[in-house]
A.B. asks: 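Here it is, the structure in full.
FYI, side chains are in, hydrogens and waters are out, and symmetry mates aren't considered; it's all heavy atoms of this structure.
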There are 2 protein chains.
Amino acid sequence: MQDLSTAKKRCARVAAILKNLAHPQRLFLLCCLAKGEASVSELLRQSGASQSLISQHLTRMRREGLVQARREGNFVLYRIADPKLSALIQTMEKTFDE
Amino acid sequence: MQDLSTAKKRCARVAAILKNLAHPQRLFLLCCLAKGEASVSELLRQSGASQSLISQHLTRMRREGLVQARREGNFVLYRIADPKLSALIQTMEKTFDE
DNA sequence: AAAACGTATTACGATATTTTAATATTCTAA
DNA sequence: TTAGAATATTAAAATATCGTAATACGTTTT
């Protein structure tokens with residue numbers, strides 16, 4: 001175990017990440033991406049939310065470093081930046097499965 | 001794997017939980033409690049935040065079912081309600097350790 | 001080069017969250 | 001039974017987040 005200020009710093013870092021996950025639509029997007037790269041169109045179809053909103057969510061998560069994007073022709077493909085995050089999301093899905 | 005609407009419902013449920021964790025001070029409180037029951041005074045000492053604020057955070061998390069409380073004389077002892085949540089928090093601490 | 005497609009950005013009102021300060025409550029001990 | 005310690009509640013201002021609508025941007029196709 002570590003000292004308090006270290007623990008607090010970690011909490012600040014982790015909380016900043018969790019702010020992104022703490023929204024139903026963003027979490028859903030991340031769950032989709034935890035299964036692999038996906039285009040905005042695909043995410044749009046699955047989520048059912050508006051184009052603008054999805055794009056804003058993705059932009060935000062890219063800005064915060066949770067996801068990365070690459071363009072392929074007309075499409076933009078998103079993926080989760082850090083395998084640790086993928087793992088965490090899948091853990092959460094299993095944990096709150098029932 | 002399950003159908004989309006099931007996945008979305010789960011995301012809604014989980015996001016509601018994560019909203020509580022997505023705050024540095026609340027996450028810190030939960031990390032403390034993940035190690036075992038603690039009084040408000042103890043949490044207050046460790047966190048260093050104001051009495052009112054800590055109490056509000058705890059009240060909120062109790063309302064949302066993340067923690068439970070019992071009174072012991074003058075003190076109120078808090079604990080995490082669901083072992084699953086304790087486990088998740090410890091997983092997160094390890095995951096974002098470095 | 002214009003049209004069409006996929007994605008991103010901007011602006012704004014509505015709503016929610018966070019924090020501080022002041023006060024109230026509950027219990028114990030004198 | 002009053003004082004004091006521990007905790008909770010309330011109110012209100014400051015700030016942040018959310019969703020919609022309108023528009024812009026980049027790429028491909030015609």
A.B. asks: Rounded to the Å, how far apart are B/Leu29 CG and D/dA8 C1'?
C.D. replies: 15 Å

A.B. asks: Check the distance between D/dT27's P and A/Arg71's CZ and give it to me in whole angstrom.
C.D. replies: 5 Å

A.B. asks: Could a donor-acceptor pair under 3.5 angstrom be found where the side chain of A/Gln56 meets the base of D/dT20?
C.D. replies: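 A donor-acceptor contact between them is present.
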
A.B. asks: For A/Ala15 and B/Pro24, which heavy atoms make the closest approach, and how far apart are they?
C.D. replies: CB-N, 3.5 Å

A.B. asks: With a 4.0 Å cut-off on heavy atoms, is A/Thr59 in touch with a base, just the backbone sugar-phosphate, or nothing at all?
C.D. replies: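 Sugar-phosphate: the residue A/Thr59, judged by heavy atoms under 4.0 Å, touches backbone atoms but no base.
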
A.B. asks: Between B/Leu43 and B/Phe28, is there a side-chain heavy-atom distance shorter than 4.5 Å?
C.D. replies: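 Side chain of B/Phe28 against side chain of B/Leu43, heavy atoms only: no contact under 4.5 Å found.
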
A.B. asks: Distance check needed: D/dA6 P versus B/Asn74 CG, whole Å only.
C.D. replies: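 My rounded result for the distance is 7 Å.
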
A.B. asks: Strictly distance-based, threshold 3.5 Å: is any side-chain N or O of A/Thr95 a donor or acceptor partner for the main-chain N or O of A/Thr91?
C.D. replies: yes

A.B. asks: Among residues 37-51 of chain A, which contact DNA chain D at a heavy-atom distance under 4.0 Å?
C.D. replies: none

A.B. asks: Taking side chain to side chain contact (heavy atoms under 4.5 Å, CB included) as the definition, give me every residue that meets it alongside A/Lys9, ordered by chain and number, with sequence neighbours left out.
C.D. replies: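 Once residues adjacent in sequence are excluded, the partners of A/Lys9 under the side chain to side chain contact (heavy atoms under 4.5 Å, CB included) criterion are A/Ser5.
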
A.B. asks: Taking 5' to 3' order, which nucleotide of DNA chain C is first and which is last to have an atom within less than 4.0 Å of a heavy atom in chain B?
C.D. replies: C/dT17 to C/dT28

A.B. asks: Rounded to whole angstrom units, what separation is found between the CZ atom of B/Arg63 and the P atom of D/dT10?
C.D. replies: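 Computing the B/Arg63:CZ to D/dT10:P distance gives 11 Å.
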
A.B. asks: Starting at atom NE2 of B/His57, determine the distance to atom C1' of D/dA8, rounded to an integer number of angstrom.
C.D. replies: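 Nearest whole value for this atom pair: 14 Å.
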
A.B. asks: Thinking salt bridges, do A/Arg70 and A/Glu72 make one under a 4.0 Å N-O criterion?
C.D. replies: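 So A/Arg70 pairs with A/Glu72 through a salt bridge.
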
A.B. asks: Mind calculating the distance between NE2 (B/His23) and P (D/dT15) to the nearest angstrom?
C.D. replies: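 It works out to 15 Å between those atoms.
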
A.B. asks: Please state how far atom CZ in B/Phe75 lies from atom P in D/dG4, giving the value in whole angstrom units.
C.D. replies: 17 Å

A.B. asks: If you pin A/Arg62 and A/Lys19 to their nearest nucleotides in DNA chain C, which one's is more 5'?
C.D. replies: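 The answer here is A/Arg62.
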
A.B. asks: Counting C-beta onward and ignoring hydrogens, is there a side-chain heavy-atom pair between A/Arg79 and A/Leu33 closer than 4.5 Å?
C.D. replies: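 In short, these two side chains do not touch, never coming nearer than 4.5 Å.
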
A.B. asks: Is B/Leu88 close to A/Leu88 at the side-chain level, that is, under 4.5 Å between some pair of heavy atoms?
C.D. replies: yes

A.B. asks: Report the nucleotide, chosen from D/dA22, D/dT7, D/dG19, that has the shortest atom-to-atom distance to any side-chain atom of A/Ser52.
C.D. replies: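 Nearest to the side chain of A/Ser52 among the choices is D/dA22.
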
A.B. asks: Rounded to the nearest Å, what distance is computed from the CZ atom of residue A/Arg26 to the C1' atom of nucleotide D/dA16?
C.D. replies: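 Rounded to the whole Å, the gap is 12 Å.
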
A.B. asks: Does the side chain of A/Lys19 come within less than 4.5 Å of A/Arg60's, by heavy atoms?
C.D. replies: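 A/Arg60 vs A/Lys19: side chains touch.
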
A.B. asks: Hey, which sits more toward the 5' end of DNA chain D by its nearest nucleotide, A/Glu72 or A/Arg60?
C.D. replies: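 By nearest-heavy-atom nucleotide position, the 5'-most residue is A/Arg60.
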
A.B. asks: Donor-acceptor check, side chain of B/Gln90 to backbone of B/Ala34, threshold 3.5 angstrom: yes or no?
C.D. replies: yes

